[in-house]
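Data block below; observations after.
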Amino acid sequence: MVVKVQQIDACRWRIPREGDMRTDGLVFANRAMMDALKKEHALEQVRNVATLPGIVGPSLAMPDIHWGYGFPIGGVAAFDDQQGVVSPGGVGYDINCGVRLLRSDLEVQQVRPHLQKLADALFRNVPSGIGSHRRDLKLTVAQERKVLQQGARWVVKQGMGSERDLRHIEEGGCIEGADPDLLSDRALERGLDQLGTLGSGNHFLEVQMVEEIREPQLAQVLGLFPGQVTVTIHTGSRGLGYQVCDDYLRIMLRAAAKYGIKLADRQLCCAPLNSPAGRQYLAAMACAANFAFANRQLITAWVRESFEQVLGQSAEALRLSVIYDVCHNIAKYEQHVVDGVRRRLCVHRKGATRAFPPGHPDVPECYRGIGQPVLIPGDMGRYSYVLVGTEAGFGETFGSTCHGAGRVLSRHAAKKVARGRRIEEELAARGIVLRAAGRGTVAEEISEAYKDVMEVVEVVQKAGIGRIVARLRPLAVVKG
DNA sequence: ATGTCC
């Protein structure tokens, strides 16, 4: 089915309300992106989301939008806390898939001679690949329940990381209201030995250098300088989060029928926010989100140890500290002003990043003057970006921006393009060291499989919903 | 994204 789209300006497109839609769709994209989008089904998904009960404001799509389960990846949708719904498809299978950025005092020339060894250490210390698990850290169920309730704080209590780390994580590294009793035995079982593992797909661990600073004053507040070595951790809630999503999709199909919610697509299955099923999903989702926060905190500990092993200096001496940690897949209650009225909304961000403005109380105090750091990974061969949130974005997108480059080739198509090529050698020729658990994943993750993230963040900046601070270039990449 | 089909 063809979706009607009206251009608003150079980077905004409206999908006007029609049929069962309760609101407009609003897509952020340049013309080339929109031309490509018209050939796939992601815009239909933006329209479908607009049919859900209690949606407030438009059904939003960021410039990295692509087709997802029910809701598009790159989608943002806010729902009224009384009339609205919550949908597992609006969060995604990898609950609290997210990105953490670490800084250091190291300059690139200090690290380059040790890059091979550093990549080896990171690859050895952080299990990667599908089904990756830790033999050295098998939790008891009692410990796991604490992880699910406390998130990153549990890891800090075990002596790995600091209070300062926790202050530099979205929500302080813990979503309130997590109830482990709402998880299936299977979800709990899958999490027992996966804490501190990277996983597969687009997840990665990367040593990078600051390649370009666009906003020196903002960069200084973030602790970034040109030529500096940084580390990005991109992973989520692993098999546990997948299982939570899968379990609740079944529950939500029944709930949607029970509450008479008409679904444009079964994958949009959902329940009223104030129903038992809705509340239970949010409490189970919080468990998975906290598992992901703990996962990134534990991986941070192993990154610090890896640097210590290879460079012979303590992580404290290297000032290897957390700049910020963002969620890319989550639904959260937030206060927003809509048409002049302050409302409590459940904002679904699926493949989208919260980007709160300067002055917002949920932005850590040290960044309150510049806005929330927004971490946007690109692909493993090019670069990633650091942005901050804006006041205009808070008003227009519920304080949200893109989350990454967005795929242009399916995994299958990417493998076909990569066939016969030596991707590791191609990256080496560009000064990038690669360590990967599986060749298949590397083929799926080639640069050509993704949009140029520079174009994506330029749309965000032009639209005024985010402000570009710095670009990071990969030096060593660990993949699943 | 995912012990890529309990």
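Within every chain, numbering begins at 1; the chains are lettered A, B, ... in the order of the sequence lines, protein sequences first and strands thereafter.
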Take atom [atom1] of [X] and atom [atom2] of [N], then tell me their distance rounded to the nearest Å.
| X | N | atom1 | atom2 | result |
| --- | --- | --- | --- | --- |
| A/Tyr69 | B/dT2 | OH | C1' | 13 Å |
| A/Asp193 | B/dT2 | CG | P | 14 Å |
| A/Asn96 | B/dT2 | CG | P | 13 Å |
| A/Tyr93 | B/dT2 | OH | P | 13 Å |

Looking only at the side chains, is there a donor atom on one of [X] and [Y] sitting less than 3.5 Å from an acceptor on the other?
| X | Y | answer |
| --- | --- | --- |
| A/Gln116 | A/Asp120 | no |
| A/Gln372 | A/Arg354 | yes |
| A/Arg238 | A/Thr197 | yes |
| A/Gln297 | A/Asp165 | yes |

Could you list by number each residue of residues 240-257 of chain A showing a heavy-atom separation from DNA chain B of less than 4.0 Å, or answer none if no residue does?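 Heavy-atom cutoff 4.0 Å gives A/Tyr242.
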Strictly below 4.0 Å, heavy-atom distances to any atom of DNA chain B: list the hits from residues 399-420 of chain A, or just say none.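 Here the set is A/Arg411.
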Residues in side chain to side chain donor-acceptor pair (under 3.5 Å) with [X], at least two apart?
| X | result |
| --- | --- |
| A/Gln280 | none |
| A/Glu458 | A/Arg214 |
| A/His328 | A/Thr353 |

Determine the contact category for [X]: base if any of its heavy atoms lies under 4.0 Å from a base atom, sugar-phosphate if only primed atoms, P, OP1 or OP2 are that close, otherwise nothing.
| X | value |
| --- | --- |
| A/Glu444 | nothing |
| A/His133 | nothing |
| A/Gly92 | nothing |
| A/Gly236 | nothing |
| A/Ser237 | nothing |

Listed pairs under 3.5 Å, donor-acceptor, residues 88-97 of chain A side chains, sequence neighbours left out:
from    : atom 1 : to       : atom 2 : distance (Å)
A/Tyr93 : OH     : A/Asp246 : OD1    : 3.2
A/Asp94 : OD1    : A/Ser237 : N      : 2.9
A/Asp94 : OD1    : A/Ser237 : OG     : 3.3
A/Asp94 : OD2    : A/His203 : NE2    : 2.9
A/Asn96 : OD1    : A/Arg296 : NH2    : 2.9
A/Asn96 : ND2    : A/Ala289 : O      : 2.8

Aromatic ring centroids of A/Phe204 and A/His234 under 6.0 Å?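 Centroid distance A/Phe204-A/His234: below 6.0 Å, so yes.
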